[in-house]
Amino acid sequence: MRLFKKAQEAEIPTASMADIAFLLIIFFMVTAVFSATKGLDFALPKQESNPPNVESEEAVFIKVAPDGSLTVDCKPMELTGILDYLEPKLTRDAEKPVILYTDAYAPYQAMISVYDVLGRAETERGFKVRNISVPTQTEVAEYIDIFGYNPFESQCEG
Amino acid sequence: MRLSRQAQARALIPTASMADIAFLLIIFFMVTTVHELDRTSVNLPVAKIREEAEKGAAIVVLAKEELGGTASLVYKFSDGNEVSQVVSGPDDINLEASRATYVDPEKQFILKADGTVHYEKIDELLDAMRRGGVQRVLLLTAQRVEERSP
């Protein structure tokens, strides 16, 4: 009697392939995050023993109050009015410093909003605010040591 | 005449392309996934102008945390290579910034701070970084969405 042996087919088992694939998908879906790495470029001044003294009348002085309201050269102003005010001044003198003084109790968002507007001057109006000075509390304290008062707080008095 | 019964068609969901789709998705997620050095949830301030941060920039985090009805501030630092760690405050940031700028004086620092904190806290951090030799800071912001007029 002749027996017929059925030849076995060579096969790679792929039944679990989909399981592995979906496991990997779920892993990447869970670990994936939307990266947020965009913001406003901000240059900190170098530590100098003799910082340049900017005369206040030569600069535009923007103050952010604790409630987030603004005064520009001691005049109350809306955020949208800043560029209108700066345009003629900075067109005449592109290097004119703009002092952005934020009250210690003002929200960070209020300062960012002003900084954002100053940064948009070039794209929206065609002039650039090159010289933005943001005095820190340490610098303010140094001023108080020298003059005996806070020049940024008393700027608009009298 | 007796007709033989026709063989019934078996109900079958075609799954041959399942693996292709799955691997396509895997490759998509592998390519798009980034390893975030800091995943702290922060209510970022919004701005229209935004610039991309450099790769390898150090990260300074100032987040608000609500614990039992009282809000407290949490400071974190990452040198750009390792995941951010909680630090005690601006003095630690100053120390870490000094270390980072000693190695690379041009290193960019990303300030990821909550938009609702008082500016004095931001000022403290900026001052601590400045004292640590930092010159380039990126104030991390979220995209301002234009409101549509009705």
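Letters A, B, ... mirror the listed sequences (proteins, then strands); counts begin at 1.
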Undergrad: Testing B:Leu139, B:Leu44, B:Ile122 one by one against A:Ile112 for a side chain to side chain contact (heavy atoms under 4.5 Å, CB included), which residue passes?
TA: B:Leu139

Undergrad: Between atom CG of B:Asp114 and atom OH of A:Tyr108, what is the distance when rounded to the nearest 0.5 Å?
TA: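 If we round to the nearest 0.5 Å, B:Asp114:CG and A:Tyr108:OH are 10.0 Å apart.
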
Undergrad: State the CD1-CZ distance between A:Ile26 and B:Phe29, to the nearest 0.5 angstrom.
TA: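 Separation between the atoms: 10.5 Å.
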
Undergrad: Using non-hydrogen atoms and a 4.5 Å limit, figure out which bit of A:Pro66 sits close to chain B: side chain, backbone, both or neither.
TA: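 For A:Pro66, no heavy atom lies under 4.5 Å from chain B.
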
Undergrad: Does B:Glu66, at its CD atom, have more than 12 non-hydrogen atoms belonging to other residues, nucleotides or ligands within less than 6.0 Å?
TA: yes

Undergrad: Decide whether B:Leu73 and B:Val86 are clustered together by the hydrophobic rule: side chain heavy atoms of Ile, Leu, Val, Met, Phe, Trp, Tyr closer than 4.5 Å, transitively.
TA: no

Undergrad: Is there a path of hydrophobic side-chain contacts, each under 4.5 Å between heavy atoms of I, L, V, M, F, W or Y residues, that connects A:Leu23 with A:Phe27?
TA: no

Undergrad: Testing the basics here: between B:Val46 and A:Gln109, what is the closest heavy-atom pair and its distance to 0.1 Å?
TA: N-OE1, 2.7 Å

Undergrad: Inspect the surroundings of CD in B:Gln85 and state if more than 12 heavy atoms from other residues, nucleotides or ligands are less than 6.0 Å away.
TA: no

Undergrad: Do you reckon B:Val87 sits in the same ILVMFWY cluster as B:Val74, going by side-chain contacts under 4.5 Å, direct or chained?
TA: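 No, because B:Val87 and B:Val74 fall into different hydrophobic clusters, even though each may have its own neighbours under 4.5 Å.
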
Undergrad: Write down the atom of B:Ala22, the atom of A:Ala21, and the distance for their closest heavy-atom approach.
TA: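 Reported closest heavy-atom pair: CB-CB, 3.5 Å.
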
Undergrad: How many angstroms lie between atom NZ of B:Lys48 and atom CD of A:Glu124, to the nearest 0.5 angstrom?
TA: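 B:Lys48 atom NZ to A:Glu124 atom CD measures 5.5 Å (nearest 0.5 Å).
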
Undergrad: Roughly how far apart are B:Ile49 CD1 and A:Tyr115 OH, rounded to 0.5 Å?
TA: 10.5 Å

Undergrad: Same cluster or not: B:Ile59 versus B:Val83, using hydrophobic residues (I, L, V, M, F, W, Y) connected whenever any side-chain heavy atoms lie under 4.5 Å apart?
TA: no

Undergrad: Tabulate, in ascending numerical order, the residues of residues 92-113 of chain B having at least one heavy atom closer than 4.5 Å to a heavy atom of chain A, or enter 'none'.
TA: B:Gln108, B:Leu111, B:Ala113

Undergrad: A:Tyr105 and B:His118: which non-hydrogen atoms are nearest, and at how many Å?
TA: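 Closest approach of A:Tyr105 to B:His118, heavy atoms only: O-CD2, 3.3 Å.
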
Undergrad: Between atom CG of B:Leu25 and atom CG of A:Leu24, what is the distance when rounded to the nearest 0.5 Å?
TA: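 Between B:Leu25 CG and A:Leu24 CG, I get 11.5 Å after rounding to 0.5 Å.
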
Undergrad: Show the nearest heavy-atom pair for residues A:Met111 and B:Tyr119, with the distance to one decimal.
TA: CG-CE1, 3.7 Å

